[in-house]
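In what follows, a single structure is set out as structure tokens and then discussed.
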Amino acid sequence: MTVVTRIAPSPTGDPHVGTAYVGLFNYAYARRHGGRFVLRIEDTDRERYQADAETHILEMFAWLGIAPDESPLAGGPNGPYKQSERLEIYQAHIDQLLNAGVAYRAFETEEELEAMRKEQKQRGLKLGYDGRGRTLPKEEQDARANNGEPHVIRLATPDEGETAFDDLLRGQIAIGNDEIRDPVLIKSDGYPTYHFANVVDDHLMGVTHVMRAEEWVTSTPIHVLLYQAFGWTLPTFAHLPLLRNPDKSKISKRKLDTSVASYREQGILPEALLNFLATMGWSMPDGREVFTLDEMVDAFDPARISLGGPVFDLKKLRHLNGVYLRDVLDLEEVARRVTPLFEQAGYPQDDPEYLLDVVDVLRPRAETLNDFVDQGGYFFVDTLDYTDDARKRIAGGQQVLEDLERELSMLDVFDEDAIDDVLEDYMRSRELKKPAVLMPLRAALTGTTNAPSVTDLIAILGRSRVLTRIGRALSDMTSSLPDDHPSDEDAAETEAKPKAKAKDPAQGPSA
RNA sequence: GGCCCCUUCGACUAGCGGUUAGGUCACCACCCUUUCAAGGUGGCGGCACGAGUUCGAAUCUCGUAGGGGUCACCA
């Protein structure tokens with residue numbers, strides 16, 4: 001029997017990391033066993049339905065590189081893959097249960113149900129539907145339904161005994177039948193509930209392994225009862241641990257960023273997100289913590305899933321992302337991915353070799369793709385903004401800058417050795433320490449004090465840019481003497497940028 | 001609260017009767033160093049508790065505690 005797994009997200013909002021997580025494990029299991037992975041849209045809640053959510057879910061999986069074998073987009077032999085398009089199927093199946101007397105139509109109004117709960121609370125009884133509608137004769141049920149009276153269809157569940165199932169990860173789980181109230185199968189709007197639709201669809205789509213989040217454990221007996229009512233064989237159930245907020249509660253967007261699109265926008269790589277998610281509850285047999293999707297597939301064994309709810313740790317995700325940026329992806333690939341980001345930020349890219357050099361030198365400092373843009377914009381502008389610190393360094397090193405502007409202008413070959421020689425000679429001849437020379441230079445070249453090696457900067461920027469930037473830093477300083485007050489260092493910090501900007505136009509004509 | 005699941009460093013985890021309880025992130029220190037990183041070295045830190053089984057328990061059993069989930073015409 002070929003393995004069939006599925007992910008069944010409901011289109012109710014931004015695609016969730018939990019969906020990606022469960023999808024990943026289902027995908028890995030199916031692939032590992034040469035089976036099929038199905039994506040089914042569970043859009044039976046018309047209240048929470050969001051029109052564009054389905055597209056976003058599909059896009060998310062595409063971005064992650066998790067390709068379903070069957071989906072609304074890919075199609076497949078078991079479609080349609082949207083529950084809203086399968087209403088006739090549910091209709092036919094509910095009729096079976098109705099005719100068999102396993103399900104019944106219930107006509108209680110919301111007020112009635114509320115009153116029932118209230119009374120249960122007062123009398124200290126168990127909360128939940130008490131099965132009062134079961135006694136209504138079938139003829140009467142049908143008559144009232146034919147009359148157009150709103151109603152739901154419920155499953156008549158046993159009152160005694162217990163319903164058990166085997167969980168692949170947890171062993172046998174048994175729940176008393178008195179815990180299972182007659183659950184609604186078909187809502188009054190005619191749409192099926194999750195309980196009903198997922199059982200019917202999983203069976204019809206040939207799903208062999210239901211791997212889903214732990215929150216479903218206690219309602220699994222309902223599903224078991226349904227499988228039994230239809231006379232279908234049970235799939236294997238595997239309830240995955242729930243991703244957690246830092247406070248250990250079930251992951252939620254109130255406490256954590258749960259949107260996959262948001263991580264994408266922050267410059268997180270799909271490979272890194274997947275790798276991170278994979279380590280939430282699962283581990284490689286050899287202990288490796290950095291591995292690809294394919295490597296996970298090859299090694300995937302549910303027996304290695306640990307059941308404690310893993311806390312979603314942003315810091316670790318970011319670190320892993322950094323590892324991918326500098327150790328896993330090659331330079332060209334990183335450059336390729338960062339190109340559109342630079343362009344969106346207003347730094348058109350027309351020199352691939354230059355970009356490669358820039359990425360190479362920025363890489364050790366980047367945790368996300370966005371870091372390249374945030375930290376490396378100065379490579380691509382003609383007019384720099386200077387931070388407050390940078391201005392101080394420039395102001396304190398004017399002589400150095402003047403000297404080096406001259407020295408460098410006489411240099412023919414701008415390679416690292418030659419640059420180093422110039423700098424070394426200069427420092428030696430003036431008996432200056434490295435920081436005294438390099439920091440003003442770094443500030444003049446980048447507008448900031450946090451940047452790569454000065455030698456690298458000079459080599460990458462090249463003669464023309466280097467001389468222009470030094471010259472501009474010098475003229476900028478001489479025309480802004482008031483900035484040199486050494487006393488108001490901290491207070492001026494937030495003003496630094498606007499000030500620098502305000503002054504630029506004044507120097508502008510040459511640019 | 002009832003029911004169900006879970007429990008190894010702060011976080012993610014390895015371990016599946018005999019280990020000085022290992023690794024990763026974070027944190028700290030040192031090294032490297034030209035700033036910021038990256039990198040290197042070292043450190044801090046854990047088997048929730050109590051019984052039992054056993055020659056021997058992080059590993060098996062049972063209790064207790066703690067955490068989580070679930071009790072909808074949402075999934």
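Below, read A as the first sequence line, B as the second, and so on, with proteins coming before strands; counting in each chain starts at 1. The structure displayed is predicted, hence computed values, not measured ones. Side-chain atoms are counted along with the backbone in the values below, which use heavy atoms only and exclude waters and symmetry mates.
- Among the heavy atoms of the strands lying under 4.0 Å from A/V454 is at least one base atom, whether or not backbone atoms are also near.
- Applying the side-chain hydrogen bond (donor to acceptor under 3.5 Å, both in side chains) rule to A/Q141 yields no partners; only residues at least two apart in sequence or on another chain are considered.
- Rounded to whole Å, atom P of B/C5 lies 10 Å from atom CG of A/D167.
- Distance noted for atom C1' between B/C4 and B/G22: 33 Å (whole Å).
- Both distances falling under 3.5 Å, in either a Watson-Crick or a G-U wobble arrangement, place B/G66 opposite B/C6.
- Within 4.0 Å (heavy atoms only), A/R318 reaches no atom of the nucleic acid at all.
- In this structure, the CG atom of A/L325 is 17 Å from the P atom of B/A37, given to the nearest Å.
- At a threshold of 4.5 Å between non-hydrogen side-chain atoms, the residues A/R105 and A/L98 count as touching.
- Residue contacts shown for A/T279 are limited to sugar-phosphate atoms, with no base heavy atom under 4.0 Å away.
- Side-chain atoms of A/R170 stay outside donor-acceptor range of the base of B/C5, with no qualifying N/O pair under 3.5 Å.
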Practice item. Report, as a single string ordered 5' to 3', how protein heavy atoms within less than 4.0 Å touch nucleotides 67-75 of chain B: B base, S sugar-phosphate only, - not at all. Key: SSBSS-BBB
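- Counted within 6.0 Å of CZ on A/R393, heavy atoms from surrounding residues, nucleotides or ligands total 12 or fewer; the atom is thus considered open.
- Comparing the P positions of B/C27 and B/C74 gives an interatomic distance of 46 Å, to the nearest angstrom.
- Residue A/R288 is classed as having no contact, given no heavy-atom separation below 4.0 Å to the nucleic acid.
- In this structure, B/A11 forms a base pair with B/U24, meeting either the Watson-Crick or the G-U wobble geometry with both donor-acceptor distances under 3.5 Å.
- Residue-level contact check: A/A443 touches neither bases nor backbone, having no heavy atom under 4.0 Å from any strand.
- Counting any heavy atom pair closer than 4.0 Å across all strands shown, A/P452 reaches a base atom.
- Counting only distance, with no hydrogens or angles, the side chain of A/N198 and the backbone of A/Y194 share a donor-acceptor pair below 3.5 Å.
- Atom C1' of nucleotide B/C36 and atom CG of A/L438 are separated by 14 Å, given to the nearest angstrom.
- Using the Watson-Crick or G-U wobble rule with both distances under 3.5 Å, B/U61 pairs with B/A51.
- Nucleic acid contact for A/G309: sugar-phosphate only, since backbone atoms but no base atoms lie under 4.0 Å from a heavy atom of the residue.
- In this structure, B/U33 forms no base pair with any nucleotide, since neither Watson-Crick nor G-U wobble geometry is met with both distances under 3.5 Å.
- At whole-Å resolution of the value, CD1 in A/I305 and C1' in B/C5 are 15 Å apart.
- Atom CD of A/E431 has 12 or fewer heavy atoms from other residues, nucleotides or ligands within 6.0 Å.
- Distance, A/W282 CH2 to B/U24 P: 18 Å, rounded to whole Å.
- Residue A/G124 is out of contact with every strand shown, counting any heavy-atom pair closer than 4.0 Å.
- Following rounding to the nearest Å, A/L314 (CG) and B/C12 (C1') show an atom-to-atom distance of 14 Å.
- B/U20 and B/G52 are spaced 26 Å apart, taking the P atom of each and rounding to whole Å.
- In the set B/A14, B/G23, B/U35, B/G23 carries the atom at the smallest distance from any side-chain atom of A/E289.
- Taking the C1' atoms as reference points, B/A75 lies 37 Å from B/G15, given to the whole Å.
- If you check every strand for non-hydrogen atoms under 4.0 Å, A/G308 touches sugar and phosphate atoms only.
- Counting atom types as modelled, A/T455 pairs a side-chain N or O with a base atom of B/U34 as donor and acceptor under 3.5 Å.
- Rounded to a whole Å, the CZ atom of A/R365 is 12 Å from the P atom of B/G39.
- Residue order along RNA chain B, read from the 5' end via each residue's closest nucleotide, puts A/D313 first among A/H319 and A/D313.
- With A/Y129 as the aromatic partner, A/R154 meets the cation-pi criteria of under 6.0 angstrom to the ring centre and within 45 degrees of the ring axis.
- Side chain of A/D371 to backbone of A/G376: no donor-acceptor contact under 3.5 angstrom is found.
- On the C1' atoms, B/G66 is 10 Å away from B/C49, given to the nearest whole Å.
- Between the side chain of A/T368 and the main chain of A/G267, no donor-acceptor pair closer than 3.5 Å is present.
- Across B/U59 and B/U7, the matching C1' atoms stand 14 Å from one another, rounded to whole Å.
- Counting atom types as modelled, A/K434 pairs no side-chain N or O with a base atom of B/U33 as donor and acceptor under 3.5 Å.
- Taking the P atoms as reference points, B/A14 lies 12 Å from B/C9, given to the whole Å.
- Here the separation of B/A26 from B/U34, taken at their P atoms, is 25 Å to the nearest Å.
- For the pair A/N177/A/T157, no side-chain contact is recorded, criterion being any heavy-atom separation below 4.5 Å from C-beta on.
- For the pair A/L320 CG and B/G23 C1', the computed distance is 14 Å after rounding to whole Å.
- The distance between the ring centers of A/F342 and A/F379 does not fall below 6.0 angstrom.
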